[in-house]
Amino acid sequence: MSCLTNISFVPLYFYFSFAFSMPQKVAIVHYWLTNMRGGERVLEALCELFPEAVIFTNVVNRKILPASITKHEIRTTFIQKIPGSQRHYQKLLPLMPIALEQLDLSEFDLVISNESGPAKGVITRSDALHICYCFSPMRYLWDMYPDYLKTSNFLIRLFMVPCFHYLRLWDVSTANRVDNFLTISHAVKARVKRWWKRDSEVLYPPVDLVRLKATSDDSFVSPFGDEPYYIYLGALVSYKRVDLAVEVCRTLGKNLLVIGSGSEFKKLKEFSGDKIKFITNADDKLVKQALSNAKALLFPGEEDFGIVVLEAMACQTPVIAYRRGGAIDTVTEDTGLFFLEQTKESLAEAIAKFENIPENFWKKENFLDHVNKFSKENFKKQFLEAVLKQLEEKKNN
């Protein structure tokens, strides 16, 4: 009767509502499937909700995807046929608007687009419902455009200026192809309003709390021995401001464990000093152990959401975060504290304040109660509620 399954977490009245109202054919449009990150975890949850949904994407690397995604039919744009597209897909961005508009979605009643790269620009049937789950408007087109321009060479800039102008026009115009926007944080909600002039509802992305459950494994060997340490976890790229955490900890003489890799690694390593240790390749077990044993997670960048914050909290580790972006949605006074300016002085002041807080202030139950709000079950339930609400509104209009 409906393609909806896995409803054990949904109250009975929701089951009956969806059984009779849910569209028969569902399409999920995802910008590209070349790695498994936060966006792909959301896709996994949507695949569980709609097990018969067809996935559309510009380019796919099936080898790195879990069975929960690959068991679905996956249709690609012509980008997939371009040699080297799986590695150089981002360089093919100017072709993606045309590619997406060639997709035939006429058979689908419900279209869900996951937007971070281009996805929402697909053309749907006039009577279909199109819901966009937005991780963020493409930041390299908007607020981070000056940074990308500055770090590019002359030839690339010569190409970027007219190309990105065209992409921005297309990005804005295609916002009108969406019936309803859902966003991952209030920071992204503000961007959607600012650049697309569209209202949206905040629906936090799902967090795999089982995978992130705190560990008491005694086999973890800290690179600092028995000395306490802070931790940074994430990509080593400039906008995440890892340099801020490294410089402050070096100046204060604090131990800092940096887990991650990226273009900034060599530069960070050069001025890190003896108190800073790096791990560039860590599996889930090591991450959990390192987080569980850390004094606090340092989160110095401005993120769209920042799932690593909740990973730390799931391990009952407090967070010291820059008070911008998604951290405002995820950090509370019971689970961490903020620093207000993205400067060494502001972060150093926050660390000093943190170290004056008694350890018994941080309660296990506060961490667990908070992270449970971001569970996959809550995401599924709220997503279904949003779909049902939009179906009712479309029916009555």
Between K266 (side chain) and S263 (backbone), is there a donor-acceptor pair under 3.5 Å?
->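 Flag not set: sc K266 to bb S263 has no pair under 3.5 Å.
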
Would you confirm whether R198, through its side chain, and V178, through its main-chain N or O, come within 3.5 Å as a donor-acceptor pair?
->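 Answer holds: yes.
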
Could you give me the CA-CA distance, side-chain angles and deciding distance for K389 and E385, then say whether salt bridge (Lys or Arg N to Asp or Glu O under 4.0 Å) is met?
-> CA-CA 6 Å; K389 177 183 174 184; E385 288 175 350; over 6 Å; no

Taking the side chain as C-beta and beyond, is there a heavy-atom pair between Y133 and S113 under 4.5 Å?
->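 Y133 does not reach S113 side chain to side chain.
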
If we only count heavy atoms from C-beta on, is the I184 to L203 side-chain gap below 4.5 Å?
->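 No. Closest side-chain heavy atoms not under 4.5 Å.
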
Among K189, K240, R139, whose salt bridge (charged side-chain N to carboxylate O under 4.0 Å, His left out) with D304 holds?
->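 Exactly one option meets the salt bridge (charged side-chain N to carboxylate O under 4.0 Å, His left out) with D304, and it is R139.
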
In Å and rounded to the nearest 0.5 Å, what is the [atom1] to [atom2] distance from [X] to [Y]?
X	Y	atom1	atom2	value
M36	N61	CE	CG	12.0 Å
E311	D284	CD	CG	8.0 Å
I123	Q102	CD1	CD	7.5 Å

Derivation and outcome, side-chain contact (heavy atoms from CB on, under 4.5 Å), residues T317 and F367 = CA-CA 8 Å; T317 298; F367 288 113; over 6 Å; no

Residue pairs fulfilling ring-ring contact (aromatic ring centres under 6.0 Å, His included) with at least one residue in residues 79-126, sequence neighbours excluded =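 Of all non-adjacent pairs touching residues 79-126, those that pass ring-ring contact (aromatic ring centres under 6.0 Å, His included) are W32-Y89, F56-F108.
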
Within residues 317-343 or reaching into it, pairs that qualify as ring-ring contact (aromatic ring centres under 6.0 Å, His included) - sequence neighbours excluded |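 Every pair satisfying ring-ring contact (aromatic ring centres under 6.0 Å, His included) with a residue in residues 317-343: Y322-F339.
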
Can the ring centres of F265 and F278 be said to be less than 6.0 Å apart?
->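 Distance test on ring centres: under 6.0 Å, yes.
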
Stepwise, does the side-chain hydrogen bond (donor to acceptor under 3.5 Å, both in side chains) test hold for S136 with R191?
-> CA-CA 7 Å; S136 178; R191 292 177 205 155; 2.8 Å; yes

Ignoring hydrogens and angles, write down the donor-acceptor pairs under 3.5 Å from the side chains of residues 167-175, residues two or more places apart or on other chains.
unit_1	atom_1	unit_2	atom_2	d
R168	NH1	L141	O	2.7
W170	NE1	E101	OE2	2.9
D171	OD1	K120	NZ	2.6
D171	OD2	W142	NE1	2.9
D171	OD2	W196	NE1	3.0
S173	OG	L169	O	3.3
S173	OG	W170	O	3.0
T174	OG1	K120	NZ	3.2
T174	OG1	W170	O	2.9
T174	OG1	D171	O	3.1

What's the verdict on salt bridge (Lys or Arg N to Asp or Glu O under 4.0 Å) for R41 and E44, showing C-alpha distance, side-chain angles and the deciding distance?
-> CA-CA 5 Å; R41 299 296 178 192; E44 263 193 309; 3.3 Å; yes

